[in-house]
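Everything on this sheet refers to the single structure shown next.
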Amino acid sequence: MRIVVGAAGAGRVGLVDPSVSADPFETVRVDELPAIVRTLEARRPRWVWSDTRRWYPRLLADGVRVERAHDLLLAAAILDQSTATASLRGEGSHARPQWLPSGPVEAVQGTGVPAASSASHASLFEFDDFGGAGEAGGAADASAPGLHESSDLIGVPVAAVLAEHARQLALVASSNQPGALRLLLAAESAGALIGVELHAAGLPWHRGVHERVLEGELGPKPAPGRKPARMEELAAEVRSLLAAPAVNLDSQVDLLKALRRAGIDVESTSKWQLREHEHPAIEPLVAYKKLSRLYSANAWSWLDEWVVDGRFRPDYVPGGTATGRWATSGGGALQLPKNVRSAVVADPGWALVVADAAQLEPRVLAGLAHDESMAEAGRGRDFYSGIVGAGVVETRDQAKVAILGAMYGATTGESGRLVPRLARAYPKAMALVDRAAADGERGASVTTLLGRSSPPPGEEWRSVQSRASQPEATPADERRARSRARDWGRFTRNFVVQGTAAEWALCWMAVLRPKLVAIAAAAPDPDQRAHRSGAAFDRVPHLVYYLHDEIIVHTPRERADDVAVAVAAAAAEAGRLLFGEFPVEFPLDLAIVDSYALADA
DNA sequence: CGGCGCGGCGCC
DNA sequence: AAAGGGCGCCGCGCCG
């Protein structure tokens, strides 16, 4: 059963069961929505709405979780780009509606939900009607090129939502691969629910532990306007050793001049170039840069801005990148330096189940290409050792750079030299990525296993290519065109692997999520008040972090073993959803820990 | 003053 | 050790 949700006049929401009628079976005030959703959820519907990131925080704030959704915004971004639907879209009934922003998925402003509390959230439901007054008029603005910060898709009339849902179902049904697309849209929509839940739940963050890390590396918190003591010391040392008493180490231009005057022949100030030179100033300079990064990105001001009541709540953007990986907006959640991860600490009585998929991308490639030899190398624990065991290369490090080189399109260095050996051992896998690169080089789209397609190259790219094919093209034109073509080919080569890996990860989480709910239900908490008070995650194991191929579940300690079993089972199920009975394995590195920092050990 | 491109670097 | 793909955030420095 599906229930389509949309605006139905001033301050009201209409609920439609499309299998029965196009007219709402229920119309409620917006503040009544959580209650009715909670009731109807017992029938396990798939909720169809314009934009999960607009609708779901308001429900979750009242403690209402939903199991299934269909996110029209994310689904449209996939369907309107996919080669699987290419022959159908565009005209007539397949035209994308004007209320649906085109272009990449962007951050939604103002979805931040305060820490779960029992306060009334009625005010969170006040939305502008479709085309109504105020900034939300963007929804009715046919010229709107992208997703305006102010556009508010909860104001779209339920009839328009229903029509778009029908359009999408028709596109899927008449596509080249309806089964795969259905799975992708379900997984993408589950990801949207999870993204909102990750924000609402927050990552448990221990300010004291974090501050001890900072003091250990940087020294005490500096006074306003000052830099940390350890950075000042290193800066003074560098200035002295470069004989450049006034150089500003934070200025790339300034620093580069000083380095060259000191006889260090570098073209940039990047760490890897510096490391190729011998000079006493280099070690303290690299140390300064590392501390500078920590100080500006993840130190005291980051703590003040991002950690509230012991939780880090980044804004996740499911579908935020071309390949289907997520992005985040603010907080840098996907770039947390390893040395501050010790601050991720389970609540008392709780544990963290940390799991990452070992060598996910090469395994996905083996499955995509149906390369039995490559899958065989991954059977068991360590994929790279399997390649060594098969006699393809001599060392694990070689296996790793060769595989990365094959997936990223390396042409030079050790990686480039090793790739041909990989190609001889695993011709099917190599042919798949080579084909993806060749498609990209001629400007064609490539498509993941489940049907997400790469964006076309831009106008500028096409004009560079067409200029090079003119009779009067110069050798420089041709070189430039070849170079740009190969750049795009490296993108499409990686796209199919990275994008399909993102699909695996979405399926992993989508399968896991109801298992976590079931674990809580199987051993109900004696104290039920927490649920009724509106806190969605009290006593329930729940996802608190997601990083491309890695997840963290925060769970009552006595449920941690069950959670670990569920996480592993979900990984195996995800493999079957994508690759059926093809024998590619997806082993996890999994740990039950109090602190994220302990999961690496 | 804010906006933006860039170099650099954190993560996968 | 970097190389090859995907990102976001920071400070700097230039621009209007």
Side-chain angles (χ1 to χ4, degrees), chain A residues 104-107 227 231 248-256 266-277 285-286 288-299 301-302 305-306 314-317 319-341 356-362 364-365 397-398 400-419 422 433 436-437 440 446 448 452 454-455 486-502 504-505 545-551 596:
Chain A
V105 177
E106 291 175 15
K227 282 181 182 167
M231 283 177 67
N248 175 4
L249 301 189
D250 298 326
S251 164
Q252 194 263 0
V253 175
D254 212 19
L255 176 59
L256 188 58
V266 285
E267 286 148 29
S268 82
T269 64
S270 67
K271 199 162 53 181
W272 68 267
Q273 274 214 13
L274 290 170
R275 288 247 167 87
E276 289 179 354
H277 291 80
L285 176 56
V286 170
Y288 174 88
K289 283 166 160 283
K290 186 166 178 60
L291 293 188
S292 173
R293 165 79 191 189
L294 175 63
Y295 177 58
S296 64
N298 293 99
S301 50
W302 181 90
E305 183 172 5
W306 289 103
D315 290 311
Y316 291 92
V317 188
T321 79
T323 62
R325 276 189 176 180
W326 292 13
T328 56
S329 168
L334 305 183
Q335 306 137 254
L336 290 177
K338 294 207 166 185
N339 60 351
V340 305
R341 293 184 182 184
D356 76 276
Q359 304 107 25
L360 175 60
E361 291 194 351
V364 162
L365 174 55
D397 269 5
Q398 285 182 333
K400 189 173 179 175
V401 295
I403 286 283
L404 293 179
M407 293 189 306
Y408 294 160
T411 55
T412 62
E414 187 186 7
S415 180
R417 285 193 297 278
L418 289 169
V419 166
L422 207 65
V433 287
V446 296
T448 60
R452 191 189 310 262
S454 60
R486 280 192 298 264
D487 287 348
W488 197 254
R490 281 195 299 276
F491 166 59
T492 53
R493 169 190 295 271
N494 184 250
F495 182 96
V496 292
V497 180
Q498 187 185 123
T500 306
W504 181 91
Y545 193 55
Y546 167 52
L547 181 56
H548 307 318
D549 61 359
E550 177 170 1
I551 59 173
Y596 190 11

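Each chain gets a letter, A, B and so on, in the order the sequences are listed, and its residues count up from 1.
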Q: Working to the nearest 0.5 Å, report the span between OH of A/Y546 and CZ of A/R325.
A: 8.0 Å
Q: Tell me, please, which residues at least two apart from A/T323 pass side chain to side chain donor-acceptor pair (under 3.5 Å).
A: A/T321, A/Q498
Q: Name the closest nucleotide to the A/L547 side chain, picking from C/dG6, B/dC11, B/dG8.
A: B/dC11
**Q.** d(OH, A/Y408; C1', B/dC11) in whole Å
**A.** 11 Å
Q. Which nucleotide, C/dG11, B/dC11, C/dG4, lies nearest any side-chain atom of A/S296?
A. C/dG11
Q: State which of B/dC12, C/dG13, B/dG10 makes the closest approach to the side chain of A/S251.
A: C/dG13
(Q) In whole Å, I'd like the distance from the CZ atom of A/R486 to the P atom of C/dG5. (A) 12 Å
Q. What's the CZ-P distance between A/R417 and C/dA2, to the nearest Å?
A. 16 Å
**Q.** Nucleotide nearest A/A410 when distance is taken to its side chain, options C/dC7, B/dC12, C/dG4
**A.** C/dG4
Q. Is A/K271 near enough to B/dG10 that one of its side-chain N or O atoms lies under 4.0 angstrom from OP1 or OP2?
A. yes
Q.
As a test of reading the structure: which of C/dG4, B/dC11, B/dC9 is closest to the side chain of A/R341, going by heavy atoms?
A. B/dC11
Q) Where the side chain of A/Q398 meets the backbone of A/L418, is there a donor-acceptor pair that is under 3.5 Å apart? A) no
Q. Rounded to the Å, how far apart are A/D254 CG and C/dC12 P?
A. 11 Å
Q: Determine the contact category for A/V401: base if any of its heavy atoms lies under 4.0 Å from a base atom, sugar-phosphate if only primed atoms, P, OP1 or OP2 are that close, otherwise nothing.
A: base
(Q) It should be established whether A/K289 places a side-chain nitrogen or oxygen under 4.0 Å from OP1 or OP2 of nucleotide B/dG8. (A) no
Q: Calculate the interatomic distance between A/D397 atom CG and C/dA2 atom P; express it in whole Å.
A: 12 Å
**Q.** Nearest-Å distance for atom pair CZ/P, residues A/F495 and B/dC12
**A.** 22 Å
**Q.** Distance, rounded to the nearest Å, where A/Q398 contributes CD and C/dA1 contributes P
**A.** 16 Å
Q.
Suppose we screen for side chain to side chain contact (heavy atoms under 4.5 Å, CB included). Which residues come up paired with A/T411, at least two apart in sequence or across chains?
A. none
Q: Just call it for A/G416: base, sugar-phosphate, or nothing, with non-hydrogen atoms closer than 4.0 Å on any strand.
A: nothing
Q. Counting side-chain heavy atoms from C-beta on, which of B/dG8, C/dA1, C/dC12 comes nearest to A/D250?
A. C/dC12
**Q.** side-chain N/O A/T412 vs C/dA2 OP1/OP2, d < 4.0 Å
**A.** no
**Q.** Closest listed nucleotide, where the reference is the side chain of A/P337 and the choices are B/dG10, C/dG4, B/dC12
**A.** B/dG10
Q: Classify the nucleic acid contact of A/T328 as base, sugar-phosphate or nothing, counting any heavy atom under 4.0 Å across all strands shown.
A: sugar-phosphate
Q.
Here's a test of your reading of the structure: between A/A327 and A/W272, which maps to the more 5' nucleotide of DNA chain C?
A. A/W272
Q | Closest non-hydrogen atom pair, A/P455 against A/F495 | A | CD-CE1, 4.3 Å
(Q) Quick check: on DNA chain C, is the nucleotide nearest A/E276 upstream (toward 5') of the one nearest A/T323, or the reverse? Name the residue that is more 5'. (A) A/E276
**Q.** Side-chain donor or acceptor of A/Y545 paired with backbone N/O of A/A333 under 3.5 Å
**A.** yes
Q | Rounded distance (Å) that lies between atom P of C/dG6 and atom CG of A/N494 | A | 7 Å
Q: Check whether any side-chain heavy atom of A/V497 lies under 4.5 Å from a side-chain heavy atom of A/Y408, and answer yes or no.
A: no
Q. Is there a donor N/O on one and an acceptor N/O on the other, under 3.5 Å, for the side chain of A/R293 and the base of B/dC9?
A. yes
Q. If only atom types and distance count, is the side chain of A/W326 paired as donor or acceptor with the main-chain N or O of A/G320 below 3.5 Å?
A. no
(Q) Would you say that A/V340 contacts A/L294 through its side chain, given a criterion of any heavy-atom pair below 4.5 Å between the two side chains? (A) yes
So which protein N/O to nucleotides 5-7 of chain B N/O distances come out below 3.5 Å?
unit_1	atom_1	unit_2	atom_2	d
B/dG7	O3'	A/Q252	NE2	3.0

**Q.** Phosphate contact (C/dG6 OP1 or OP2) by A/R325 side-chain N/O below 4.0 Å
**A.** no
Q | Side chain of A/Q335 - closest among C/dG6, C/dG8, B/dC12 | A | C/dG8
